[in-house]
Protein chains: 2
Amino acid sequence: MSVTIYDVAKAAGVSIATVSQVVNNTGNMRDSTRQRVLKVIEELEYHPNVMATALTGKETKTIGLIVPDISNPFFSNMAKSIEDYAHEKEMSVIICSTKYDRDKEHKYIKLLKQKRVDGFIIASTFKDQSLFEKLIKKKKPLVLLSIDDPSIEVSKVSIDDFQGGFLATNHLIEKGHRNIAIVAEEAYSSRKRIYGYREAHEQANITLKEKNILHTTATIENGKRIFRKLIGRGEAERPTAIFASNDLLAIGIIHEATQHQIHIPEDISVVGFDNTILASTSVPGLTSVAQPMEDMGRKSVEVLINQIENDDASNERFLYNPELIIRETTMEKK
Amino acid sequence: MSVTIYDVAKAAGVSIATVSQVVNNTGNMRDSTRQRVLKVIEELEYHPNVMATALTGKETKTIGLIVPDISNPFFSNMAKSIEDYAHEKEMSVIICSTKYDRDKEHKYIKLLKQKRVDGFIIASTFKDQSLFEKLIKKKKPLVLLSIDDPSIEVSKVSIDDFQGGFLATNHLIEKGHRNIAIVAEEAYSSRKRIYGYREAHEQANITLKEKNILHTTATIENGKRIFRKLIGRGEAERPTAIFASNDLLAIGIIHEATQHQIHIPEDISVVGFDNTILASTSVPGLTSVAQPMEDMGRKSVEVLINQIENDDASNERFLYNPELIIRETTMEKK
DNA sequence: ATGAAAGCGCTAACAT
DNA sequence: ATGTTAGCGCTTTCAT
């Protein structure tokens with residue numbers, strides 16, 4: 001059906017080995033030969049069959065990207081820049097959303113292995129971290145994106161979550177808040193953000209209440225749910241500010257507040273995280289900690305490719321700086 | 001390295017042909033043999049090498065998805081449901097974002113062909129429609145998602161855009177608006193939405209002004225730009241309502257309005273399209289025409305698989321009903 | 001009912 | 001400098 005290496009060889013009057021060498025830019029040969037073959041390749045629009053190439057043990061030029069949920073703007077943004085840069089490098093990307101489900105994690109790793117992806121980028125949340133070890137043991141190129149876990153020796157690209165947590169909390173403290181709740185999603189990054197939250201309290205000499213630290217999964221619905229729980233505490237106990245560990249949760253909180261005639265930021269200040277499109281499109285605009293998603297996505301591909309090409313160099317770490325974007329959901333405590 | 005069909009054959013004491021037959025559930029053989037082989041496959045955790053399988057002409061179990069921009073919530077939602085359903089069917093999906101760029105369209109089609117995807121799902125916008133014809137001629141399974149163009153004979157999954165355009169416009173007309181602008185993105189679907197917009201005017205016996213029909217690409221920035229252009233007309237000429245052909249544009253419009261101290265909906269009513277997360281998270285909540293993204297994504301995979309499996313059945317058409325979700329950006333004309 | 005062998009398109013070691 | 005050939009892991013036809 002499609003044109004094969006044999007067609008090219010025949011048309012150019014050489015053997016398939018020579019064609020192969022031309023394609024891979026290896027071996028010695030007369031320059032005239034190379035040119036002739038190149039011309040035929042052009043004319044016949046020959047493209048090596050990826051399957052056949054892969055079968056001989058070479059790369060598939062495919063990256064496996066595993067995220068919890070591609071419909072979360074944070075991940076779709078990351079995915080965009082990953083895909084973009086991968087394509088620049090002549091690679092394609094297969095996307096898998098785990099939906100925070102352990103079984104899916106297993107399934108997708110297995111699937112991607114079968115598809116012989118050249119490497120993996122795993123983002124944000126992974127319940128079964130033992131899978132990382134397995135991948136590493138098998139020398140599979142792997143980059144963790146937004147999972148800056150020191151216990152895993154592998155390449156990582158993240159922001160400084162501690163710093164981010166500190167920035168957000170400190171901003172609220174500076175605004176006079178003393179009763180600040182943190183709503184943390186179930187992700188490694190959030191643990192660091194909580195430490196940052198603690199540190200900000202310590203530096204300001206504020207004793208934080210452990211019950212102000214809440215955990216959930218990153219959805220708008222959960223933001224709403226948590227908010228109801230929070231105001232269920234009654235006026236006195238109710239926090240005057242909430243730091244949500246991502247924008248989805250923050251948006252849920254804002255919306256539920258509106259439902260309860262609680263005004264943001266007059267009654268309660270809110271800070272989000274990620275600075276996704278949601279932060280800039282919500283009204284009031286959501287104060288949020290920005291991550292350089294573009295750069296991070298790009299870098300993760302770069303690091304991965306580096307790993308694929310050099311068997312060593314498998315433990316680079318890149319930490320980006322978070323930036324607090326102040327909008328309208330935070331104000332002085334009254 | 002990994003366990004091959006030979007390993008299984010040896011362990012089960014049969015030939016590789018038999019193993020192959022067991023895997024593919026073909027051929028006749030003693031049930032005991034089948035069971036024995038199956039057991040070995042289980043034990044050895046054998047998985048056929050996709051590359052080798054594909055090389056013999058069988059399917060790759062991969063779908064190529066081409067969208068304009070995966071970071072647009074509308075597409076990331078579609079992608080999510082497509083990916084979801086594809087995985088249910090043991091297929092994976094390679095995503096490509098064209099960024100509305102003609103060259104990228106060519107590049108990605110070529111890329112996906114090389115990767116031997118079993119079929120294509122192309123969504124929303126494609127500048128060079130001649131590529132469709134080429135695909136069709138080569139009998140490549142193809143489904144157009146949100147491109148309900150009658151001039152192309154191929155399977156399609158869309159909503160009724162005419163109906164959607166009518167619904168949105170009619171809603172505004174019923175609210176007393178007579179000077180309604182439509183901001184249409186460059187996509188086939190928008191053309192139909194414009195017809196719906198026209199029809200609503202006709203039925204209400206309103207003569208529309210052609211200059212109220214504006215075109216642009218779907219970004220928030222363009223929404224802002226168009227809005228500035230619109231209010232540049234001066235009070236008298238300025239439309240009292242704007243129908244944006246997607247939420248991104250609508251959000252841009254709302255934001256720019258705020259900048260100019262123009263109140264939505266008191267001064268100008270706005271209707272969006274797609275009913276993405278942006279419509280529900282913006283304040284005021286954006287009135288928007290909903291598409292059943294979940295169902296549409298799912299259906300497109302279903303149709304594609306049907307096409308892959310049966311060489312015929314390549315011209316199904318599914319039209320979903322749009323639904324107007326009324327929120328807070330539309331009100332009676334003052 | 002089961003196996004032997006050719007072939008899918010390519011790479012790489014070995015010949016010439 | 002270029003060609004021959006043995007795999008890579010699988011499917012499928014043809015024998016047995």
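Protein chains get the first letters and strands the later ones, always in sequence-line order, with residue 1 at the start of each.
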S.K.: Kindly list each side-chain donor-acceptor pair under 3.5 angstrom involving residues 39-46 of chain B, sequence neighbours excluded, with atom names and distances?
M.R.:
none

S.K.: Counting side-chain heavy atoms from C-beta on, which of C:dG9, D:dG3, C:dG3 comes nearest to A:I5?
M.R.: C:dG9
S.K.: If you assign each of B:G13 and A:T56 to its closest nucleotide in DNA chain C, which residue comes earlier from the 5' end?
M.R.: B:G13
S.K.: With distance as the sole criterion, is a donor-acceptor pair present between the side chains of B:Q307 and B:S155 under 3.5 Å?
M.R.: yes
S.K.: Quick test: give all pairs of protein nitrogen or oxygen and nucleotides 14-16 of chain D nitrogen or oxygen below 3.5 Å, distance rounded to 0.1 Å.
M.R.:
none

S.K.: What residues from residues 22-43 of chain B pass a heavy-atom cutoff of under 4.0 Å to DNA chain D?
M.R.: B:N24
S.K.: Kindly indicate whether the side chain of B:M29, heavy atoms from C-beta on, has any atom under 4.5 Å from the side chain of B:V22.
M.R.: yes
S.K.: Taking five pairs at each end of the helix from C:dA1-D:dT16 to C:dT16-D:dA1, what angle separates the two helix axes (nearest 10°)?
M.R.: 50°
S.K.: My understanding is that only residues two or more places apart in sequence, or in another chain, count here; which of them pass side-chain hydrogen bond (donor to acceptor under 3.5 Å, both in side chains) with B:K58?
M.R.: B:N24
S.K.: Could you check whether A:E185 pairs with A:R191 (Lys NZ or Arg NE/NH1/NH2 to Asp/Glu carboxylate O, under 4.0 Å)?
M.R.: no
S.K.: Which atom names give the shortest non-hydrogen contact between B:D274 and B:M293, and what distance separates them?
M.R.: O-CE, 3.9 Å
S.K.: Within this structure, what is the CG-to-C1' distance between B:N49 and D:dG7, rounded to whole angstrom?
M.R.: 14 Å
S.K.: Tell me: CG of A:L55 to C1' of D:dT11, nearest whole Å?
M.R.: 13 Å
S.K.: Count the heavy atoms of every other residue, nucleotide or ligand shown that sit under 6.0 Å from CD of B:Q129, and state whether that count exceeds 12.
M.R.: yes
S.K.: Remember a base hit wins even if backbone is also touched, and classify B:T53 as base, sugar-phosphate or nothing at under 4.0 Å, heavy atoms.
M.R.: sugar-phosphate
S.K.: Quick one: is B:Y46 getting a side-chain N or O under 4.0 Å of the D:dC10 phosphate, OP1 or OP2?
M.R.: yes
S.K.: For D:dG3, take OP1 and OP2 only and decide whether either is under 4.0 Å from a side-chain N or O of A:T18.
M.R.: yes
S.K.: What distance separates B:K156 NZ from B:L142 CG, expressed to the nearest 0.5 Å?
M.R.: 10.0 Å
S.K.: Write out all pairs satisfying ring-ring contact (aromatic ring centres under 6.0 Å, His included) with one or both partners inside residues 3-45 of chain B, taking only residues at least two apart or from two chains.
M.R.: none
S.K.: Do A:K80 and B:S97 have side-chain atoms, one donor and one acceptor, less than 3.5 Å apart?
M.R.: no
S.K.: Roughly, in whole Å, what's the span from NZ in B:K61 to P in D:dC10?
M.R.: 16 Å
S.K.: Tell me which one of A:D118, A:V143, A:V157 satisfies side-chain contact (heavy atoms from CB on, under 4.5 Å) with A:L304.
M.R.: A:V143
S.K.: With a 4.0 Å limit, can you tell me whether A:S20 has a side-chain N or O closer than that to the phosphate oxygens OP1/OP2 of C:dC10?
M.R.: no
S.K.: With distance as the sole criterion, is a donor-acceptor pair present between the side chains of A:K115 and A:T62 under 3.5 Å?
M.R.: no
S.K.: Side-chain N or O of A:T4 versus OP1/OP2 of C:dG9: is the shortest distance under 4.0 Å?
M.R.: no
S.K.: Starting at atom CD1 of A:I16, determine the distance to atom P of C:dT11, rounded to an integer number of angstrom.
M.R.: 9 Å
S.K.: Between C1' on C:dA5 and OH on B:Y6, what's the gap in Å once rounded to a whole number?
M.R.: 10 Å
S.K.: Measure CD/B:Q114 against P/C:dG9 and give the value in whole Å, please.
M.R.: 15 Å
S.K.: In whole Å, I'd like the distance from the CD atom of B:E59 to the P atom of D:dC10.
M.R.: 17 Å
S.K.: Whole Å only: how far is the NZ atom of A:K10 from the P atom of D:dT2?
M.R.: 20 Å
